Amino acid sequence: MEQTTVINLIVLLLSGLLLVGVLTTKFSSRFGMPALVLFIAVGMVLSQFIYFDNAFITQLVGILALIVILFEGGMQTKFTDIKPVIRPALSLSTLGVIITTVVIGVCAKFILGVGWMESMLFGAIVGSTDAAAVFSVLGGKNIKKRITSTLEAESGSNDPMAVFLTVTLIELIHHPEQSIWIHILLFLWEMGFGLVVGFVLGRLGVYAINKMNFDSSGLYPVMALAFAVLTYAAASLLEASGLLAVYVMAIVLGNSDLTYKRSIIHFNNGFAWMVQIMMFVLLGLLVFPDQLLGIAWQSLALSFILMLVARPIGVFLSLLFSRYSVREKTLLSWAGLRGAVPIVLATYPLLDEMDVGPVFFNVVFFVVLTSAIIQGTTISWLAVKLGLMDPNQTSSPSLLELVSLGKTTSEINHIQVQKGMSIAGKAIQDIQLPEDILFTAIIRNEQIIAPRGTTVIEPGDTLYVLSPKLKRQQMKELFMLLEPEAAP
């Protein structure tokens with residue numbers, strides 16, 4: 001009976017944590033503050049009543065959460081948006097992280113009074129931006145697409161570099177006789193094979209999801225998420241970068257014609273929020289407020305150096321030969337938010353029982369908190385001041401959604417009509433629809449319109465089209481964008 005009571009209390013506590021976490025997002029959006037700040041605050045308050053110091057569980061939950069977050073972010077990343085910024089984004093996620101690590105590491109040497117290798121380890125832990133923080137903060141902003149695409153591509157691809165530097169420096173601290181060239185070759189293997197594993201399993205995932213005919217549509221999102229976890233595990237077992245593989249795999253899925261794509265995206269969006277709440281609350285539980293006071297000034301000093309010195313130096317040097325303006329580089333520097341990744345990496349020295357582990361974790365906590373509060377709430381303001389906002393930019397819904405109709409040979413396609421499509425501005429009777437392809441409904445200005453021959457298709461309409469699976473390519477050709485000079 002006592003065990004049942006304990007279980008019920010634990011379930012009640014977990015449900016309360018989720019409810020509080022969800023409610024805090026309302027205040028987060030109202031004040032323009034990343035939700036992670038409020039989640040961590042909830043955890044810190046609960047730490048006064050619940051004793052929790054298990055770094056292993058925190059790290060495990062953090063890694064699982066990062067898989068879901070990177071998968072959700074990659075699924076919504078359009079390759080056409082990141083293709084023009086791949087080179088600068090990769091430069092930021094590799095060279096930029098290294099430069100930031102060195103600069104903040106040198107400062108940590110004198111501010112924290114630790115050895116050179118330990119100070120560089122601290123730099124590696126805080127050297128990368130965080131995908132969860134960047135995706136959540138930039139999601140509702142009308143900052144120019146070039147900037148947001150660069151930041152999202154950087155945050156999705158720089159985690160492997162930070163993980164590699166952290167693990168390598170811990171190894172060198174314990175085994176200084178090891179050759180640095182071995183670690184460089186290992187890094188090339190991790191990055192290269194991570195890309196390969198992500199692409200291959202991404203293509204396999206697309207094929208498997210589109211070929212399966214489940215009785216329940218709710219199984220498609222579960223299958224997609226299972227492929228994400230499989231990708232991480234397979235890459236990690238092969239000594240490749242699991243996080244990079246997951247992000248690449250998600251981009252492949254998100255940019256393919258995928259059955260129930262919208263359902264998969266919506267499921268992962270909600271699940272990503274849930275794991276973020278759990279992860280940040282756990283991280284808050286791992287912090288003991290009374291330990292923060294002793295390192296407050298050192299932490300604040302390193303936080304401001306990271307925001308105002310190390311990150312800008314890393315951005316400007318890594319983009320030295322790029323075509324970004326000074327204003328764009330300034331915003332990229334300021335938008336380098338720190339979040340879950342540095343805190344998860346800070347658990348590595350804790351689990352390794354290093355003397356600097358507790359100090360590093362508390363300082364990193366300060367760094368993440370100040371970055372989220374100061375940078376996260378001022379990105380839009382700075383973008384306006386720098387003239388980098390795009391007021392006409394709107395978030396474009398998915399162009400194509402394939403919904404399989406059970407075990408039949410047909411499917412329903414959800415299509416967003418754009419201005420440059422050949423059907424835009426035409427009456428349905430004037431469109432040469434292939435046989436067996438039928439417009440079943442039109443949504444315009446939140447109203448449903450029954451399609452008739454005289455109904456004119458307008459840009460912004462949402463069409464629902466019934467077609468055989470074998471005629472998917474013919475159906476897609478109806479909605480191809482015209483060349484710019486031919487667009488109406």
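Here the structure is a predicted model, which means the values were calculated and not measured.
The side chain to side chain contact (heavy atoms under 4.5 Å, CB included) check on I313 picks up I99, V103, V309, L317, with sequence neighbours excluded. Qualifying side chain to side chain donor-acceptor pair (under 3.5 Å) partners for N269, counting only residues two or more places apart in sequence or in other chains: E72. Considering only residues two or more places apart in sequence or on other chains, R203 meets the salt bridge (charged side-chain N to carboxylate O under 4.0 Å, His left out) condition with none of them. In terms of the ring-ring contact (aromatic ring centres under 6.0 Å, His included) criterion, residue partners of F187 (sequence neighbours excluded) are, by chain and number, F164. Scanning for side chain to side chain donor-acceptor pair (under 3.5 Å) contacts around T440 gives an empty result, with sequence neighbours left out.
In this structure, the separation between CD1 on I98 and CG on L165 is 6.0 Å, given to the nearest 0.5 Å. Rounded to the nearest 0.5 angstrom, I343 CD1 and R338 CZ are separated by 12.5 Å. With rounding to the nearest 0.5 Å, the separation of CG in L319 from OG1 in T150 is 8.0 Å. L90 contributes atom CG, which lies 10.5 Å from atom CE of M161 (distance to the nearest 0.5 angstrom). One distance of note links CG of L345 with OG1 of T347; it measures 7.0 Å at 0.5 Å rounding. How far CD1 of I264 is from CE of M75: 5.5 Å, rounded to the nearest 0.5 Å.
M223 and I209 get closest at one heavy-atom pair: SD-CG1, 4.1 Å. Listed here is the closest heavy atom pair of A228 and V246: O-CG2, 3.5 Å.
The closest side-chain heavy-atom distance from L306 to T100 is below 4.5 Å. At a threshold of 4.5 Å between non-hydrogen side-chain atoms, the residues V465 and I437 count as touching.
The side chain to side chain contact (heavy atoms under 4.5 Å, CB included) test with M249 is passed by exactly one of T231, V206, L230: T231.
Between the T455 side chain and the P451 main chain, no donor and acceptor come within less than 3.5 Å of each other. The backbone N or O of K426 lies less than 3.5 Å from no partner atom in the side chain of D430, so there is not a single donor-acceptor pair. A donor-acceptor contact shorter than 3.5 Å links the side chain of D461 to the backbone of E458.
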- Message: With side chain to side chain contact (heavy atoms under 4.5 Å, CB included) as the criterion, how do L151 and T129 come out once you've worked through the C-alpha distance, each side chain's angles and the decisive distance to 0.1 Å?
- Response: CA-CA 9 Å; L151 288 168; T129 59; over 6 Å; no

- Give the C-alpha distance, both sets of side-chain angles, the deciding distance and a yes or no for side chain to side chain contact (heavy atoms under 4.5 Å, CB included) between I448 and I442. CA-CA 6 Å; I448 298 179; I442 301 173; over 6 Å; no

- Task: List the steps and the verdict of side chain to side chain contact (heavy atoms under 4.5 Å, CB included) for Y232 and L244.
- Result: CA-CA 8 Å; Y232 177 86; L244 179 61; over 6 Å; no

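Around the CG atom of L188, the shell of radius 6.0 Å holds more than 12 heavy atoms that belong to other residues, nucleotides or ligands.
S93 and E154 share no side-chain donor-acceptor pair at under 3.5 Å. For E190 and S241, the side-chain atoms include no donor-acceptor pair closer than 3.5 Å.
Residue pairs meeting the ring-ring contact (aromatic ring centres under 6.0 Å, His included) criterion with at least one member in residues 417-466, sequence neighbours excluded: H414-Y464.
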